[in-house]
Amino acid sequence: MQRRGTLPWLGAVLLGLMGLLVAGLDLQHHRYEDMVRALFAVQSECPYITRIYSIGRSVEGRHLYVLEFSDNPGIHEALEPEFKYVGNMHGNEVLGRELLIKLSQFLCEEYRAGNQRISRLIHDTRIHILPSMNPDGYEVAARQGPEFNGYLVGRGNSREMDLNRNFPDLNALMYYYEKTNGRNHHLPLPDNWEQQVEPETLAVIKWMQNYNFVLSANLHGGAVVANYPFDRSRDSRIRGRTMYAATPDDKIFRQLARTYSYAHSWMHKGWNCGDFFEEGITNGASWYSLSKGMQDFNYLYTNCFEITLELSCDKFPAASVLPREWLGNREALVSYLEQVHHGIKGMVYDENNNVIGKAEVSVAGIPHDVTSGVEGDFFRLLLPGTYTVTVSAPGYLPSTSTITVGPAEATQLHFYLKTAPKQNLRVKPHNSKRNLSSLKAPLKLGPR
């Protein structure tokens, strides 16, 4: 593992200088076929560090293509975190789609040019980029173009379903469990949930099930602000009022949002699109309550922390403004990606050095657990500080350690769990010298 630099301003300068090398790349709107060609062109230019795969198809049969960056594409390496960017969830919010295509080109070109910061990221991270979650909606919006696109035209998929109101509602269950001291992570999905969601939503949920994502961002448009969970208010009875709905990880979520906002050229200034957001960030429910959204679902169903990035006042900006938007977001996209390397990470083993998957990792004072992946590795985003961490798994005795987390790369902490002793179900007589033959009835042994 290579050590990561701690001077963000230096990274920004280097990215600015290296960005001159890619100034000639096209910045334009990409219809579906154009987007696919652009992604495969990146894979062709950087075949040893990229892989393209499809997580499913849209209602109209378009592939939901993901471009992966890694020094070992297609392979999860132990202790290497998984990161994802998702764009174009609302078909008419197109800037995120173009930024992620451009980011893919940028990562490839910078890696080939020897940019050490980008090379470290690709060597130490498995990066997944889904430029368009809603390619059908995009095509509807693109037929009108930026000049005539309405606020809602193309927002939903081809069935006009809003994909960011289409995930299983786990918030209501979480808020109930908070009152009853119930489960605080990996909440169960409702019965028949696969029949209740759209094909694009289903594909993304299956994607989450197949990869142990640690950090994510969902790129939207229509405002300029970094939005963090929870999106849904805890009290749905209050109408006309906004209520802050904090997660147990509110402090780290606020820091993640600030990371993007302050690395962005103007988001952090607060005044954008006629709205004001202090530091360019907001709690979702404090802005307006939203049910069945993707960022809350990530937090409640998986190990992944996700925020929603609103990146432009215009949902479908003209192609002429794309270069400015790229320059405004480039450093923020890279800086946010680097946040996946903070907190703690480690392996969970048994006494024979066999890995233990699905072990629960609990941090005292933060009632939200994460779990180890199938390879036995775990990742827990945390701010600098001292924490008491407990790991437990069925059939093993819990193990607890205290660790101090610094501001740089993740601190490694490994756990070795001892097998729990099996319960002895035999009934022992109070007096070992007692003659059992003197009992009038035979002694029955077994569980109660």
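Since the structure is predicted, the reported quantities are computational estimates derived from the model, not experimental observations.
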Specify whether W271 and F276 have parallel, tilted or perpendicular ring planes, treating 30° as the upper limit for parallel and 60° as the lower limit for perpendicular. tilted
Can you tell me which residue among [options] is in a ring pair (Phe, Tyr, Trp, His ring centres under 6.0 Å) with [X]?
X: Y299; options: F305, F213, Y228; value: F305
X: F230; options: F253, Y175, F297, W287; value: Y175
X: H128; options: F83, F69, Y211, Y85; value: Y211

F316 ring center near H29 ring center (under 6.0 Å): yes
Criterion side-chain contact (heavy atoms from CB on, under 4.5 Å) on R57 and L64, from CA distance to verdict: CA-CA 6 Å; R57 290 179 181 264; L64 305 181; 6.0 Å; no
Beyond-backbone contact of [X] with [Y], side-chain heavy atoms, under 4.5 angstrom:
X: D162; Y: H90; result: yes
X: Y111; Y: I49; result: yes
X: V197; Y: P168; result: yes

Between S291 and D169, does a side-chain hydrogen bond (donor to acceptor under 3.5 Å, both in side chains) hold up when you go through it step by step? CA-CA 7 Å; S291 297; D169 185 2; 4.9 Å; no
Does the ring-ring contact (aromatic ring centres under 6.0 Å, His included) test come out yes or no for W326 and F106, once each step is laid out? CA-CA 11 Å; W326 165 244; F106 179 76; 5.5 Å; yes
For the atom pair [atom1] ([X]) and [atom2] ([Y]), what is the distance rounded to the nearest 0.5 Å?
X: E360; Y: R183; atom1: CD; atom2: CZ; result: 5.5 Å
X: N298; Y: S216; atom1: CG; atom2: OG; result: 5.5 Å
X: Q295; Y: C304; atom1: CD; atom2: SG; result: 10.5 Å

[X] NZ/CZ over [Y] ring centroid, <6.0 Å and within 45° of normal:
X: K292; Y: F167; answer: no
X: R324; Y: W266; answer: yes
X: R97; Y: Y138; answer: yes

I'd like to know whether T400 forms a side-chain hydrogen bond (donor to acceptor under 3.5 Å, both in side chains) with T390, so could you lay out the CA-CA distance, the side-chain angles of the two residues, the decisive distance to 0.1 Å, and finally the verdict. CA-CA 4 Å; T400 300; T390 299; 2.8 Å; yes
Is the closest basic N to carboxylate O distance between [X] and [Y] below 4.0 Å?
X: K345; Y: D377; result: no
X: E82; Y: R126; result: yes
X: R120; Y: E110; result: no
X: K84; Y: E306; result: yes

Reference residue D369; test side-chain contact (heavy atoms from CB on, under 4.5 Å); the match among S392, P248, S362: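 Considering S392, P248, S362, a side-chain contact (heavy atoms from CB on, under 4.5 Å) with D369 is found only for S362.
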With side-chain contact (heavy atoms from CB on, under 4.5 Å) as the test, would you mind laying out the steps for Y260 and M267 before giving the verdict? CA-CA 8 Å; Y260 198 94; M267 183 182 288; 4.0 Å; yes
Count the heavy atoms belonging to other residues, nucleotides or ligands that lie under 6.0 Å from CD of E160, then report whether that count exceeds 12. no
